[in-house]
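Please read all numbers here as calculations on a predicted model, not as lab measurements.
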Amino acid sequence: MVQRPGVPTAPELVLETDRGSTRMSPGRNYHVGRDPLCEICLEDARVSWHHAVLRPDGDHWTVEDEGSTNGTWADGHRIHEWIVGPGSELRFGSAEDGPRVVLADAPTGPARPSQVSNPGMTGTFRQPTTVRPLPARTAVRIGRGPDNDLVIEDLVVSRRHAEFRALADGSHEIADLGSHTGTYLTGARVDGAARLAEGDIVGIGHSAFCLVGDQLQEYVDTGEVSLDVQDLTVAVDRGRKILMDGVSFPVGAKCLLAVVGPSGAGKSTLLGALTGLRPADRGTVLYDGRDLYRDYAELRSRIGLVPQDDILHAQLTVRRALVYAAELRFPQDTAKAEREARVDEVIRELGLVQRADQPIHSLSGGQRKRVSVALELLTKPSLLFLDEPTSGLDPGMDRSVMHMLRGLADDGRTVIVVTHSVLSLDVCDRLLFLAPGGRVAYFGPPQDALDFFGFDHWPEAFEAFETQQDRDWAGAYRASPVHRRYVEDATSRGPRSAEAAAGPARAAPLPPPKAQSWGSQLSTMIRRYAAVLGADRTFLVIMVALPFMMGAMARALAGSTLTAETALNALLILTIGGVLTGAANAVRELVKERVIYQRERAVGLSRSAYLMSKVVVLGTITVGQAVVLTLVALGGVRLNAPDGKGVILPPLIEITLAVALLSFTAMMLGLLISALVRKEEVTMPLLVLLAIVQVVFCGTLLKLYDVAVLEQVAWLAPARWAMGAMGGTIGLGAIVPGRLTQDPIFRHEAGVWLISMSMLPVLSVLFGVLVSRLLRRHEPAVMRKQPRK
């Protein structure tokens, strides 16, 4: 932090306004203006955006007007620079009735309850919302329900969340009552109960509680929070490549910050570091003075992230999509009426009332982005991050989205938007321009950026970053007065934050807790996925038509009786039909939802619940298709099984079971492909390749038995075992004599048939495990379990 020469000895003062008081320390400057980032923010039209500055000047304080339009006034006189102290009265914008501030001596002695010094009690936590005595040897229960001693009207809080308990020795403890979103003591989740020391911070939802003497103080995070980014560095390839290099900047409450820069400048890397999804290797992100990485599990519900791609199921209506999201994000004991009331609230806030019952896919690009923002606002986040929200929008929609974000910031949130568009930077409070290599080339008011770079138009500036790669953009900015004013003077580096910034690299934060139980998440995911598929008419038509078409082809080949000429072809068509119906259902389902999954996983979605919802819904559909396929193909056909019987069950039932298991296993193989690929476009060619491979390895085109390597590879082909089971049911070797049908897998024996049938569920489980591992690869870093040390 830049100061005047010498150590300031000016006294601490308290500056009082109509809205509250600010304790002024001689270690920094205090800016006055309408800018929300000013330390003394005065919301009066006569006050300039940057009006004046109060600074320590040796053993006294000085106020200096910064060229304001309507002036700074003291004792009825307009001033440019004036010495102030206890008892001084200043007015800004008008000598008669402009906003007034009064300076007074700061109190000395023990801190009063409202002035407890704690790293977590800055920003929105300056004054307690409530202060109440803790009764001796009793418990104070906290929760959302009206029967609690302390009621928190916050939907992320459980009905009966936690208890403050007085112990026999006069101390206290905090006990979690099985809440879904957790109770936190100085950022760490409480497992059971934990003893409290005076000054400890207990986090419950958006509220924090501090024990001071025998008083319990509550501080509510209303959304007006600051973000202090200090020396963030991200490296890959074991440190050989730097993606982000020493990025530092402050973001004040109610600020709209735009992050721009040429491609490859590290904008997405910065977004991952700021949200905690991909923590920086070095440096610190302070959320109102609290280490975001350390306290991520507690703070993650206060962070909203809108990725570049829509995080919505486009087939659902706006209201229905938000209702399902509310089910996943709020505690399990939240009543349906409470969730729906919150959904209606955000719909009104984002201006979506007229579109609430309209399918999302029918909305314009700007309206869809509003729905994505509405989804994130359900949990009332204080920090909202957006990645390229105006990408692909026309200039009018670009302007509309940016003005929406301006309104969200004005309503009491800190909004950070990564963008390539420079059309609406004028609505932002601050602009962060990243140079190639992930270094800060500019941070300050957007209207001053072009003058700082020395250009008249933005295209010239972007071109310069490409053509003048040897220019030290970051170095020039660090040496400039703009950096001193907007970064160094505006950044508060207390002992805790400085130590954290200089400390060694940390492991990724622990995954956040789940707001819902596994079973509740599974139920919600099943209902939502079924609704999505039910609203997709194209999928429904294909789902109904495919088994009938494949069954009709098999029926035409089978005739009225399976003979030596028809049996092999009929079973082959059933095999192909089973593979195609199963794999086609699933091959696109994971890759097309990858962005949605990544975001929901970051806020507590269970990976296994997500995967199981796909298995349950798609599995039900696939098995139903397999039954239709088999009955259409072989219903009423004489199967010519030995003695007219199957191996264990009637022949048609055995074949139906074999096709159903084959389709289910092919569906799991389709999910595996979907989890493996990076783009949806490559799934269809892979589906064709999958069908060809299954035909080759089913055992009716090539000799597989007693062929080293080839036979072992065929064990991984579901079609191999399904064809073996069906061939065993009808005694294929007897009906169609030949070299291929003498394969032992076609024997009409119970043991052989059971092995073939058992291998299909074994392969399904194997594919499911692989899918789960691949899903983990696509998750945010914060959700991956840490290795044991």
Taking only Lys NZ, Arg NE, NH1 and NH2, and the carboxylate oxygens of Asp or Glu, determine whether [X] and [Y] approach each other closer than 4.0 Å.
X: Arg485; Y: Glu66; answer: yes
X: Glu600; Y: Arg594; answer: no
X: Arg290; Y: Asp288; answer: no
X: Glu593; Y: Arg599; answer: no
X: Glu43; Y: Arg34; answer: no
X: Glu81; Y: Arg55; answer: yes
X: Glu589; Y: Lys592; answer: yes

Output, in order, the C-alpha distance, side-chain angles, deciding distance and verdict of side chain to side chain contact (heavy atoms under 4.5 Å, CB included) for Arg302 and Lys380. CA-CA 7 Å; Arg302 309 182 197 182; Lys380 297 184 178 180; over 6 Å; no
Starting at [atom1] of [X], measure out to [atom2] of [Y] and round the result to the nearest 0.5 Å.
X: Leu271; Y: Asp387; atom1: CG; atom2: CG; answer: 5.5 Å
X: Leu423; Y: Asp398; atom1: CG; atom2: CG; answer: 5.0 Å
X: Arg399; Y: Ser424; atom1: CZ; atom2: OG; answer: 4.5 Å

Are the side chains of Val53 and Val32 in touch, meaning some heavy atoms are under 4.5 Å apart?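 Sidechains of Val32 and Val53: no contact.
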So, for Tyr293 and Ala280, which heavy atoms are closest and what is the spacing to 0.1 Å?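 Closest pair (atom of Tyr293, atom of Ala280, distance): OH-N, 3.0 Å.
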Closest approach of Leu408 and Leu377, non-hydrogen atoms and distance?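 That closest heavy-atom pairing would be CD2-CD1, 3.9 Å.
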Evaluate the criterion ring-ring contact (aromatic ring centres under 6.0 Å, His included) for residue pair Phe453 and Phe465; output intermediate values, then yes/no. CA-CA 10 Å; Phe453 290 131; Phe465 277 91; 5.6 Å; yes
Are Phe443 and Tyr486 an aromatic pair, judged by ring center distance below 6.0 Å? no
Establish, yes or no, whether a centroid distance under 6.0 Å links the rings of Phe433 and Tyr477.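 Phe433 vs Tyr477: aromatic centres not under 6.0 Å.
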Start with the C-alpha gap between Val234 and Arg278, add the side-chain angles, then the distance that decides, and say whether side chain to side chain contact (heavy atoms under 4.5 Å, CB included) holds. CA-CA 9 Å; Val234 175; Arg278 199 300 186 188; 3.8 Å; yes
Testing the 3.5 Å rule here: is there a donor-acceptor pair between the side chains of [X] and [Y]?
X: Asp470; Y: Gln468; value: no
X: Ser382; Y: Asp221; value: yes
X: Gln367; Y: Ser364; value: yes

Strictly distance-based, threshold 3.5 Å: is any side-chain N or O of Ser68 a donor or acceptor partner for the main-chain N or O of Asp65? no
